[in-house]
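Quick note on labels: first sequence line is chain A, next is B, and so on, each numbered from 1. Note: hydrogens, waters and symmetry copies are ignored here, and every other heavy atom, side chains too, is used.
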Amino acid sequence: MSVGLQRLREDAPAIRQGAIDKGEDPSIVDQALAADARRRELLAEGDHLKAERNTASKAIGESIRVGADPHGPATAALRARSTAAGSRISAIDTELATVDATVEDLLLRIPNPADLDVPVGGEEANVTIRTWGEQLPRVQPLSGEVGADAPADGARWERRPHWEVGAGLRIFELERGAKIAGSGFPVYRGLGSTLQRSLISWFLDVHTRENGFTEIWPPAVVNAASARGTGQIPDKEDQMYVVTRDELYLVPTAEVPVTNLHRDEIFEASELPVRYAAYSPCFRREAGAAGKDTRGILRVHQFDKVEMVLFERPEASAQALEWMTGRAEDLLQRLGLAYRVLLMATREMGFVQGRKYDIEVWAPGVERWLEVSSCSNFRDYQARRMAVRYRPQPGAKPELVHTLNGSGLALPRVVAAIIESYQNPDGSVTVPAVLRPYLGQAELRPPP
RNA sequence: GGAGAGGUGGCAGAGCGGUCGAAUGCGGCGGUCUUGAAAACCGCUGAGGGUGCAAGCCUUCCCUGGGUUCGAAUCCCAGCCUCUCCGCCA
């Protein structure tokens, strides 16, 4: 924890500016500095008294060893000294405990400053880094190639939003999901369900067989320490479902359990990078988003996602972020879905990220870009909270690792984009070639 | 859920309430020897914090949190976790 304090002491102005850029309260930095100063005062005084108590107690032990009466007058003065120190120590320790808690609490409320080249601002400041693929139109000629001139008869067809196509195919049961759990808890039926499995399997297969990831199947709940480690607490606490009876949190992403796998551990440099790919269901309350994206499966309380998690050497983390983002893009390219990559501006990137790319896929039925992946470099911020370190050289002092993660990919919006991009005028949906072996079908057809 | 055992350094495994941060073994690092390697032998080898230019000094940590005591890895209480047996169960 105090490695964070060291940086705070040395680099307070930059951290204060980082908080301002992210739209957070910079005065927390000064409060933390002040609390830290008090903490060090108490620490110095307490250590001094403890040294005194230790020497007195040791002297008692020594005199007993040479024959003194443990409760006799020979040791009485020493005992008195030790007792006096002891009572002052407990007073100091009591205050220290509260100051420590204050410092820790304040530290948790200071955001990770963004990289220097990240644009400052909100959504309007995001930068589109690159785009890939053909942005399909919603309306196109009934015959002929996409983008071709309209045929003479003027016949056209319109792509429909995924919820309409899905209803026709009977692959979603959104109303029944609302009945049995609540709105935002979709049910997938038939090949819709198979499609979920297929995507999960294919994503994981690519990551493990081609990209060098180790597959992890994590718990769907975590304890408070884990939620704190990755920064869900206190920053995003109200976005999580909580099992109060057992003090457990339903995971909002596999990032939380998987990154916490190595909490309080020390890697050898030769072990890095560690690359994990993990499927998990994801639970999000979406508090504050009520009324937004209520149709279809664009914003739901439970969804499925394959997440990539990396532990890297600090000097390698920037390159690793580019690589990992590329792995997510590769999946979309092989699915044949158009997408764009955005470098997110400071107020768009959240508390713990140092740099974040969002990948948005084009959904022609709703005519929107949908976020299907978010790839971030947390630098040493999460590592500090979780005490994940590595030895740069064998036998060297441990230093904080860098952690990164990115979706690879989130299912529901990918499903929506597939359905809207691959739908045919007759209501069927062509299955992207890479998924056919998994799905056992070349197309999804409405039941007769 | 019931009964019992246990949680000590990277691992294994000791540790009468007082030089115990902790024996010993393994592992790791360095060295001697060797053409090289192995073996053998010698030495070193936990983490956090405070202070200091530094060497160093001080302090905390033997699952977690309380308590007893001049002094706790060692005693007491609570919790968590692991293992064994029984019950239940996908």
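- Side-chain N/O atoms of A/Arg189 and A/Ser193 include no donor and acceptor closer than 3.5 Å.
- Atom CZ of A/Arg81 is separated from atom C1' of B/rG71 by 13 Å (rounded to the nearest Å).
- Set against B/rG18, B/rG50, B/rA47, the side chain of A/Arg391 has B/rA47 as its closest nucleotide.
- Distance check on atom C1': B/rC62 versus B/rA73 gives 5 Å, rounded to whole Å.
- Applying the Watson-Crick and G-U wobble criteria (two distances, each under 3.5 Å), B/rU64 pairs with B/rA78.
- In this structure, CZ on A/Arg384 lies 9.5 Å from CD on A/Gln6, to the nearest 0.5 angstrom.
- Smallest separation of non-hydrogen atoms from A/Val414 and A/Leu335: CG1-CD1, 3.9 Å.
- Distance A/Glu62 CD to B/rG17 C1': 16 Å, rounded to the nearest Å.
- Rounded to whole Å, atom P of B/rA47 lies 11 Å from atom CD of A/Glu268.
- Remark: A/Phe213 pairs with A/His207, A/Trp323 by the ring pair (Phe, Tyr, Trp, His ring centres under 6.0 Å) rule, at least two apart or across chains.
- Side-chain contact of A/Asp30 with A/Ser27: a donor-acceptor pair under 3.5 Å is absent, judged by distance alone.
- Pair assignment for B/rG21: none, as no Watson-Crick or G-U wobble contacts are both less than 3.5 Å.
- For B/rU35, there is no paired base (Watson-Crick or G-U wobble, both distances below 3.5 Å).
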Listed pairs under 3.5 Å, donor-acceptor, residues 298-307 of chain A side chains, sequence neighbours left out:
unit_1   : atom_1 : unit_2   : atom_2 : d
A/Arg299 : NE     : A/Asp293 : OD2    : 3.2
A/Arg299 : NH1    : A/Glu286 : OE1    : 3.1
A/Arg299 : NH2    : A/Asp293 : OD2    : 3.3
A/His301 : ND1    : A/Tyr241 : OH     : 3.3
A/His301 : ND1    : A/Arg284 : O      : 2.8
A/His301 : ND1    : A/Arg285 : O      : 3.2
A/Asp304 : OD1    : A/Tyr279 : OH     : 2.4
A/Asp304 : OD2    : A/Gln196 : NE2    : 3.3
A/Lys305 : NZ     : A/Thr253 : OG1    : 2.8
A/Lys305 : NZ     : A/Glu307 : OE1    : 2.7

* Asked: What string of B, S and - do you get for nucleotides 57-68 of chain B 5' to 3' if you count protein non-hydrogen atoms under 4.0 Å?
  -> -SSS--------
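- When the C1' atom is used for both B/rC33 and B/rG43, the distance is 15 Å, rounded to whole Å.
- Residue A/Leu43 is classed as a sugar-phosphate contact, given heavy-atom separations below 4.0 Å to backbone atoms only.
- Listed by chain and number, the residues in a ring pair (Phe, Tyr, Trp, His ring centres under 6.0 Å) with A/Tyr188 are A/Phe172 (sequence neighbours excluded).
- B/rC57 is paired with B/rG50 under the criterion used here, namely a Watson-Crick or G-U wobble arrangement in which both key atom distances are under 3.5 Å.
- Evaluation of the side-chain hydrogen bond (donor to acceptor under 3.5 Å, both in side chains) test over residues 343-359 of chain A, restricted to residues two or more places apart or in two chains, returns A/Asp115-A/Arg355, A/Asp117-A/Arg355, A/Glu322-A/Tyr357, A/Arg355-A/Tyr357, A/Asp358-A/Ser374.
- Distances shown here put every side-chain N or O of A/Arg40 at or beyond 4.0 Å from the OP1 or OP2 atom of B/rG49.
- As rounded to the nearest Å, B/rU8 and B/rU82 have C1' atoms that lie 15 Å from one another.
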Produce the list of close N/O pairs, under 3.5 Å, pairing protein atoms with atoms of nucleotides 76-83 of chain B; give distances to one decimal.
none

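- Of the residues near RNA chain B, A/Asp36 and A/Leu78, the one whose nearest nucleotide (by heavy atom distance) lies more toward the 5' end is A/Asp36.
- In this structure, the CD1 atom of A/Ile64 is 14 Å from the C1' atom of B/rU19, given to the nearest Å.
- The pairing partner recorded for B/rG9 is none, the criterion being a Watson-Crick or G-U wobble arrangement whose two distances lie under 3.5 angstrom.
- Searching all strands for a Watson-Crick or G-U wobble partner of B/rC85 with both distances below 3.5 Å returns B/rG2.
- Nucleotides B/rA72 and B/rC63 place their P atoms 15 Å apart, quoted to the nearest Å.
- The separation between A/Arg384 atom CZ and B/rG48 atom C1' is 15 Å, rounded to whole Å.
- Taking atom CZ of A/Arg389 as the reference point, atom C1' of B/rG49 lies 12 Å away to the nearest angstrom.
- Comparing the same atom, C1', in B/rU51 and in B/rA14 gives a spacing of 36 Å after rounding to whole Å.
- If you take atom P in B/rA38 and the same atom in B/rC80, they sit 50 Å apart, rounded to whole Å.
- For the C1' atoms, the distance from B/rC85 to B/rC42 is 50 Å, rounded to whole Å.
- With sequence neighbours left out, the ring pair (Phe, Tyr, Trp, His ring centres under 6.0 Å) criterion links A/Tyr276 to A/His262.
- With RNA chain B read from its 5' end, the first of the two nearest nucleotides for A/Lys397 and A/Ala80 is the one closest to A/Lys397.
- Between the C1' atoms of B/rA78 and B/rA22, the separation comes to 27 Å (whole Å).
- Within the structure, salt bridge (charged side-chain N to carboxylate O under 4.0 Å, His left out) pairs that include any residue of residues 268-279 of chain A comprise A/Glu268-A/Arg391 (at least two apart or interchain).
- Listed by first and then second residue, the side-chain hydrogen bond (donor to acceptor under 3.5 Å, both in side chains) pairs involving residues 401-416 of chain A are A/Glu255-A/Asn405, A/Ser317-A/His402, A/Gln382-A/Thr403 (not counting sequence neighbours).
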* Asked: Given A/Leu331 and A/Arg327, is the side chain to side chain contact (heavy atoms under 4.5 Å, CB included) satisfied, shown in steps?
  -> CA-CA 7 Å; A/Leu331 295 172; A/Arg327 304 288 53 76; over 6 Å; no
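- In this structure, B/rA14 forms no base pair with any nucleotide, since neither Watson-Crick nor G-U wobble geometry is met with both distances under 3.5 Å.
- A/Arg38 places its CZ atom 17 Å from the C1' atom of B/rG49, with the value rounded to the nearest Å.
- Computed from coordinates, the A/Leu96 CG to B/rG50 C1' distance equals 11 Å when rounded to whole Å.
- Remark: B/rC29 base-pairs with B/rG43; criterion is Watson-Crick or G-U wobble with both hydrogen-bond distances under 3.5 Å.
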